[in-house]
Every structure is written in structure tokens, then in C-alpha cells.
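Read through the structure below, which is laid out as C-alpha cells, and then see the notes.
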Amino acid sequence: MPFARALLAALTLMPYISQAQPTNSPAEGAVFAVGYVETQAKQADAGRAALAQYRRAVQAEPGCLGVELFAQTDRPGHFAVLETWRDQAAFDGAARGAAKRELMAALAPIRVSDYDERPYKPLTLAAAKTAGADARNAVVVAHVDVAPNTQAPMLLQQLAEASRQEAGNVRFDVLQHAMRGNHFTVVEQWRNQDALDAHVATAHARAYRDALQPLTGSPLDERVYTPIPR
């Protein structure tokens, strides 16, 4: 049954794939990190300020290709951080380590969770349709954990290619855990909440969810965020 659903999803998505915009791969060896931290709700502004200071510090490093900050919608104090680095050596550099220690010191009196950071490599990436992020954008960060040796990578690539063609899509990237190949993080950026709602109702999104559900051991974990501007 899981294979049949995956095949049905592939057939549903096929018309979009043939028209898909090209996927751009980062330079060989690029490293991604996705981090999460939660502060006391009343200290959300202080948490935002500490993360903004961390972004300013690490983005000054020559090996840093970008740091994006997101605040979870309607959940004050919940944050996500997406970092892109030229290579592992840059990611492991002393300057980033010092900035991370300063961040943790600033968060220590206000956080209610530890800083959870995970390393990734790209599964499929494409250039964003607009430069930067708009506060009106809806950003979805989804976690996909599946049993090993499933059709999940194919399903995720097909979903990304189809979703990038939607008028309201700004970006649709899929990252694969650097050490656990059955763990993925999906980063979607939509022009606004209406565009996200329209995406969820599309045939390709429904086909993906139907095919993925039997392959996962838990409900799909999707969280909606607002970009924190620079």
C-alpha cells in the first residue's frame, strides 16, 4: 500500500516536474544548520535581540553564506535559526564558536529549552523568487522522519518542484540530515498566509501527504513562522 500511494503521488506530480524551474545546488561541501530555542514568552523580545546579535556576529565571517531567523507565529518565544556555511571548516571556526557561547550566555536566564541544533546537507534547493524576507511572508519549517529506504526523498523532491511553480511560493527547500539519511527538514516560504492556505489545498500537496503518511512513524510536524528582518 505505501508503494501504491507513492506511485499515485508521482503520477499526480509528474506534469509539474516536466515544467519545473532548475534546481541550484550550493557549492560542494556547503553546510547547513537548523537550530531551535524557546524563551519565556514575556522574554521573547530579549530572545529576538540575542539572536539578532548572534546573526550580526557570524555573518561577518567570510565563510558564512547567511543566517536566517524566524519567530513562530502565535507562539511568543519560539524561534528557529537557519545557517548556511561555505564548508565544514568555516562552520567549525573559532569565531562562530565564540559567538555561539555569547548567544547561550544571553539566553541562559530567559530560555526554557536548550538550543537544539542539527546539521544538514541539501536534498533540493532553488533560488528564491524575491530577495530577502518580508514580514508578511509565511514560513513553514516541517520535520519529516521516515523509515530508512523509503520513497520519501523522491516524494520530497517532486513536492518541491511542483510547489515552486505556485504563484504564491517564494522558496521551497529540502534539507537532509548530514548523518541520519531518513530525517529531513523542509523550509517553505510563501508570500502570505493565503498563499500557504492555497498550497495546502493543491492536488500535489494532498498527494504528497497521502503517500508520506504510511512511511512516517508520527504525525507530520509543521510549524509556521514569521521572518525576523535584518
Side-chain angles (χ1 to χ4, degrees), residues 23-39 47-72 75 77-108 111-128 132-133 137 139-146 152-153 156-157 160 170-189 221-230:
T23 298
N24 298 329
S25 298
E28 184 177 355
V31 172
F32 297 81
V34 182
Y36 306 90
V37 68
E38 179 183 351
T39 70
R48 183 186 295 248
L51 289 166
Q53 174 57 36
Y54 172 74
R55 174 167 60 187
R56 286 191 293 271
V58 297
Q59 283 194 154
E61 294 305 306
C64 181
L65 304 181
V67 178
E68 299 172 78
L69 305 179
F70 307 106
Q72 192 168 349
R75 297 196 69 184
H78 290 245
F79 301 99
V81 182
L82 173 60
E83 301 183 34
T84 308
W85 291 81
R86 181 184 59 215
D87 52 33
Q88 190 66 46
F91 179 75
D92 293 336
R96 179 182 184 270
K100 180 57 67 68
R101 288 191 292 274
E102 291 180 8
L103 170 64
M104 296 311 299
L107 292 174
R111 67 177 177 83
V112 296
S113 75
D114 202 356
Y115 191 92
D116 179 5
E117 183 176 87
R118 306 173 189 184
Y120 287 90
K121 58 186 179 181
L123 180 69
T124 175
L125 304 175
N137 291 167
V139 175
V140 177
V141 179
H143 305 280
V144 179
D145 289 299
V146 297
L156 287 163
Q157 288 177 312
V170 176
R171 162 194 189 182
F172 204 107
D173 294 337
V174 184
L175 305 176
Q176 185 175 27
H177 197 281
M179 293 170 286
R180 300 197 304 273
N182 61 324
H183 177 86
F184 305 88
T185 288
V186 181
V187 181
E188 312 171 27
Q189 187 173 342
D221 181 2
E222 292 184 331
R223 306 175 193 183
V224 181
Y225 293 85
T226 300
I228 298 177
R230 288 175 171 77

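Residues satisfying the side-chain hydrogen bond (donor to acceptor under 3.5 Å, both in side chains) test with D145, not counting sequence neighbours, are H183. A search for salt bridge (charged side-chain N to carboxylate O under 4.0 Å, His left out) contacts involving E61 returns nothing, not counting sequence neighbours. Residues passing the salt bridge (charged side-chain N to carboxylate O under 4.0 Å, His left out) test with D116 are R118, sequence neighbours excluded. Evaluation of the side chain to side chain contact (heavy atoms under 4.5 Å, CB included) rule for R48 yields A71, F79, I228 as partners, not counting sequence neighbours. When the side-chain hydrogen bond (donor to acceptor under 3.5 Å, both in side chains) test is applied to Y225, no partner is found at least two apart in sequence or on another chain. In this view, E38 and H78 satisfy the side-chain hydrogen bond (donor to acceptor under 3.5 Å, both in side chains) rule, not counting sequence neighbours. Checked against salt bridge (charged side-chain N to carboxylate O under 4.0 Å, His left out), R56 has no partners two or more places apart in sequence or in another chain. For D92, there are no salt bridge (charged side-chain N to carboxylate O under 4.0 Å, His left out) partners at least two apart in sequence or on another chain. Annotation: side-chain hydrogen bond (donor to acceptor under 3.5 Å, both in side chains) contacts of R96 (sequence neighbours excluded): Y54, E83, E117. The side chain to side chain contact (heavy atoms under 4.5 Å, CB included) search around Q176 returns K121, L123, F184, not counting sequence neighbours.
In terms of heavy-atom proximity, N182 sits nearest to V146 at ND2-O, 2.7 Å. Here the shortest heavy-atom pairing between A50 and A106 reads CB-CB, 3.9 Å. The minimum heavy-atom distance linking R230 with V67 is given by the pair NH2-O, 2.9 Å. T39 approaches G47 most closely through the heavy-atom pair CG2-CA, 4.1 Å. In terms of heavy-atom proximity, V58 sits nearest to C64 at O-CB, 3.3 Å. Among all heavy-atom pairs drawn from A142 and E222, the shortest one is CB-CG, 3.6 Å.
Taking CD from Q189 and CG from N137, the interatomic distance works out to 4.5 Å, rounded to the nearest 0.5 Å. F32 CZ to W85 CH2: the interatomic distance, rounded to the nearest 0.5 Å, is 13.0 Å. Within the model, atoms CG of L175 and CG of L125 stand 6.0 Å from one another, a figure rounded to the nearest 0.5 Å. Distance OH/Y36 to NE2/H143: 3.0 Å, rounded to 0.5 Å. One distance of note links CG of D173 with CG of L156; it measures 12.0 Å at 0.5 Å rounding.
Taking the side chain as every heavy atom from C-beta outward, Y120 and V187 never approach each other to under 4.5 Å. In this structure, V140 and V186 have side chains that are not in contact, with every pair of non-hydrogen atoms separated by 4.5 Å or more.
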